[in-house]
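Here is the structure we will look at.
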Amino acid sequence: MTVRTRFAPSPTGMLHIGGVRTALFCWLYARRHGGIFILRVEDTDRERSTPEAVQVILDGMAWLGLDADEGPYYQTQRYGRYREVIDRWLAEGKAYHCYCTKDELEQLRNDQLARKEKPRYNGRCRHDAQPRQGITPVVRFANPQEGEVVVDDAVHGRVVFQNSELDDLIILRSDGNPTYNFCVTVDDWDMKITHVIRGDDHLNNTPRQINMLKTLGGELPTYAHLPMILGPDGAKLSKRHGAVSVLQYKEEGYLAEALLNYLARLGWSHGDQEIFTLDEMCKLFDITDVNKSAAAINPDKLSWLNQQHLMRADDARLAGELQWQLAQLEVDTSGGPDLEAVVAAQKERAKTLKDMAASSVFFFREPAWYEEKAAKKNLTPETKPHLERAHEALAGLGDWSAESIHALMQALAEQGGVGLGKIAQPIRVAVSGGSVSPPIDQTLAILGSEQVLKRLERAIAFIGS
RNA sequence: GCUCCCAUCGUCUAGAGGCCCAGGACACAGCCCUCUCAAGGCUGGUACGGGGGUUCGAAUCCCCCUGGGAGCGCCA
């Protein structure tokens, strides 16, 4: 039996990291078992579904590399099929028309709540549905009234629900649109989903879906309900607390594999390992290693992981990403230096590509000013001689490589009877405008002699004035 | 209110009865390395929610309590 999993988002809002984590686990599980991963867009809510939201889902999945083997399927394109099942159930008495009005239902609900009962449909139309003037009926599923439903959940274990707790849910709205629980059931059945991996919040829907699946005559898939992801403050993920579009992470300079690695470790673990390549995750992931409790997002750890992945990533690839980030800062990189060289020098000292871009601007554009504190400390009459000697020595340097620059710096320090820092730091401020940069030899090598000499002259003039 | 789920450092987690007076990671502090910033190395503090059982022995099993969450929609 081939494993078949599906990610079934509804295009009513952002695709945020909660959804992405679910998608990731579905995808990983399929990949791990040589199965099929399906993308299905649940757009039966005509009111709130938007094409823009669909596009965000597609773009997000593409960026993350969570490629679907089938789909995307759209529920709105499967209405004929839903209709067919409903008609059959109606004919077989497994579903029935209900003429109760929204007001009546509201009333019933309030009464039950007042009596401290669980609000549920009382089944009034189940046995004697009275067609009423001007009311287009909805269709309800006739849920079994006795017995129990057992969910054998891959992460939660055995969970039992009493049918007496369930009511006859609406499967077809009066406007002709089928509803969520019904569509999911039919789709999972038709698409031969073997493993339903989704958020914890669906555990309560599962017995209803199982009852309908049994009516369909279906074999039950394996269910795996993932724990929720919470905001950094431990509260539910909301717009104020981390529920931003996944594409925003791309813009902020996170690597897809770092985000995925981070998300995988929210609920899943493999011993003490923290850093995983995509390949490793595909090989090691198993639903049995997923835990049951909700997890809060920790932005610091995401940053750290991103840096770890940045350090391990290919320079050429990163160069492309860096170029995009620099373009956002309106920095033209076409005049050099070589982006890959910059990446090599910067990638272990940046949390994100955005940070990397910000601290790399000086490679492409002469700093417009010096950081006040850095200049005050390093561009002084005392350091001026060092800068002048450095300028002179560098101007005469034949081999402009990090190695020779390093040797030259060392010689300069020795001759001056000072530490390397006394020489390097003023130069750093002179060429970068600030007190932070990659090692001075690398920095100068990348910058090129022309720029270095020019900037040194400018700094010397700055002190002199 | 009813039903269901969950509960180890601040956070993510390891732990499937003795290997645990609880291990790793992020963050934090200190030290080392060092031309800055990082990276890396070392050290440190902080956790099994509470109470009952079961057992020779419980973070691990059972029960209760407490706390958190989800569902109860002609939303998904």
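This is a predicted model, so every value here is computed, not measured. We use all heavy atoms of the structure for the numbers below, so side chains are in, but hydrogens, waters and symmetry mates are not. Below, read A as the first sequence line, B as the second, and so on, with proteins coming before strands; counting in each chain starts at 1.
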| field | G-U wobble or Watson-Crick pairing nucleotide for B/rG71 (cut-off 3.5 Å, both distances) | value | B/rC2
| request: Check if the side chain of A/Asn205 and the base of B/rA76 share a donor-acceptor pair of N or O atoms closer than 3.5 Å. | output: yes
| message | Please check if the number of heavy atoms outside A/Arg115 that lie under 6.0 Å from its CZ is greater than 12. | response | yes
| query | So what does A/Tyr262 hit on the nucleic acid, given a heavy-atom distance under 4.0 Å: a base, only sugar-phosphate, or nothing? | reply | nothing
Please tabulate the protein-to-nucleotide N/O contacts below 3.5 Å involving nucleotides 63-69 of chain B, giving atom names and distances.
none

| said: Test of understanding: with ring-ring contact (aromatic ring centres under 6.0 Å, His included), list the residues that count as partners of A/Tyr262, not counting sequence neighbours. | reply: none
| query | Near A/Lys422 NZ, under 6.0 Å, is it more than 12 heavy atoms from other residues, nucleotides or ligands? | reply | no
| query | Contact class for A/Asn181 (heavy atom, under 4.0 Å): base, sugar-phosphate, or nothing? | reply | base
Exercise answer: donor-acceptor pairs, residues 220-230 of chain A side-chain atoms, under 3.5 Å, sequence neighbours excluded:
unit_1, atom_1, unit_2, atom_2, d
A/His225, ND1, A/Asp153, OD2, 2.6
A/His225, NE2, A/Arg198, NH1, 3.2
A/His225, NE2, A/Thr206, OG1, 3.2

| query | Taking only N and O in the side chain of A/Arg109, is any of them less than 4.0 Å away from OP1 or OP2 of B/rG73? | reply | yes
| request: Please work out if A/Lys116 contacts a base, only the sugar-phosphate, or nothing of the nucleic acid, heavy-atom cut-off 4.0 Å. | output: sugar-phosphate
| said: The criterion is side-chain contact (heavy atoms from CB on, under 4.5 Å); which residues satisfy it with A/Arg317, sequence neighbours excluded? | reply: A/Leu255, A/Glu257, A/Ala313, A/Asp314, A/Glu321
Show me the donor-acceptor pairs within less than 3.5 Å that the side chains of residues 434-441 of chain A make with the rest of the protein, sequence neighbours left out.
unit_1, atom_1, unit_2, atom_2, d
A/Ser437, OG, A/Arg428, NE, 2.8
A/Ser437, OG, A/Thr443, OG1, 3.3
A/Asp441, OD2, A/His406, ND1, 3.1

| Is there a donor-acceptor pair under 3.5 Å between the side chain of A/His195 and the backbone N or O of A/Ile197? | no
| Identified pairing partner of B/rC28, criterion: Watson-Crick or G-U wobble below 3.5 Å | B/rG44
| Looking for any heavy atom pair under 4.0 Å, which part of the strands does A/Val138 touch: base, sugar-phosphate only, or nothing? | base
| request: Between protein and nucleotides 15-24 of chain B, map the contacts as a letter string: B base, S sugar-phosphate only, - none, heavy atoms under 4.0 Å, written 5' to 3'. | output: --------BB
| Does A/His202 have a side-chain nitrogen or oxygen under 4.0 Å from the phosphate oxygens OP1 or OP2 of B/rG71? | no
| message | Run the salt bridge (Lys or Arg N to Asp or Glu O under 4.0 Å) test against A/Arg389 and tell me which residues pass, sequence neighbours left out. | response | none
| request: Determine the contact category for A/Gly267: base if any of its heavy atoms lies under 4.0 Å from a base atom, sugar-phosphate if only primed atoms, P, OP1 or OP2 are that close, otherwise nothing. | output: sugar-phosphate
| request: Please list, chain by chain and in numerical order, all residues satisfying salt bridge (Lys or Arg N to Asp or Glu O under 4.0 Å) with A/Arg109, sequence neighbours excluded. | output: none
| field | side-chain contact (heavy atoms from CB on, under 4.5 Å) involving A/Pro51 - partner list, sequence neighbours excluded | value | none
| Using a cut-off of 4.0 Å on non-hydrogen atoms, how would the nucleic acid contact of A/Thr12 be classed: base, sugar-phosphate, or nothing? | nothing
| message | Taking B/rC63 as the reference, what is the distance to B/rA70 when you measure between their P atoms (whole Å, please)? | response | 25 Å
| NA contact type, A/Ser303, heavy-atom cut-off 4.0 Å: base, sugar-phosphate, or nothing? | nothing
| message | Regarding A/Glu165, tell me which of base, sugar-phosphate or nothing describes its non-hydrogen contacts under 4.0 Å with the strands shown. | response | sugar-phosphate
Dump the pairs, protein N or O against N or O of nucleotides 28-35 of chain B, anything under 3.5 Å, distances to one decimal.
unit_1, atom_1, unit_2, atom_2, d
B/rC35, O4', A/Gly421, N, 3.3
B/rC35, O2, A/Arg428, NH1, 3.0
B/rC35, O2, A/Arg428, NH2, 2.8
B/rC35, N3, A/Ile440, N, 3.2

| task | Scan A/Lys292 against the nucleic acid and name what it touches under 4.0 Å (heavy atoms): base, sugar-phosphate only, or nothing. | result | sugar-phosphate
| task | Kindly confirm or rule out a cation-pi arrangement of A/Arg208 over A/Phe161, judged by NZ or CZ under 6.0 Å from the six-membered ring centre and within 45° of its axis? | result | no
| query | Which is true for A/His225 with a 4.0 Å heavy-atom rule: it touches a base, it touches only sugar-phosphate, or it touches nothing? | reply | nothing
| message | Only pairs with both distances under 3.5 Å count, Watson-Crick or wobble alike; so what is the partner of B/rU34 in this structure? | response | none
| query | Does anything in residues 95-108 of chain A pair up under salt bridge (Lys or Arg N to Asp or Glu O under 4.0 Å), and if so which pairs, sequence neighbours excluded? | reply | A/Glu104-A/Arg124, A/Glu104-A/Arg132
| note | Residues A/His386 and A/Val418: closest non-hydrogen pair is CE1-CG2, 4.2 Å
For nucleotides 40-44 of chain B, which of its nitrogen or oxygen atoms have a protein nitrogen or oxygen under 3.5 Å away, and what is each distance?
unit_1, atom_1, unit_2, atom_2, d
B/rG40, OP1, A/Gln308, NE2, 3.2

| request: Ignoring backbone atoms, test whether A/Gln112 places a side-chain nitrogen or oxygen under 4.0 Å from the OP1 or OP2 oxygen of B/rC2. | output: no
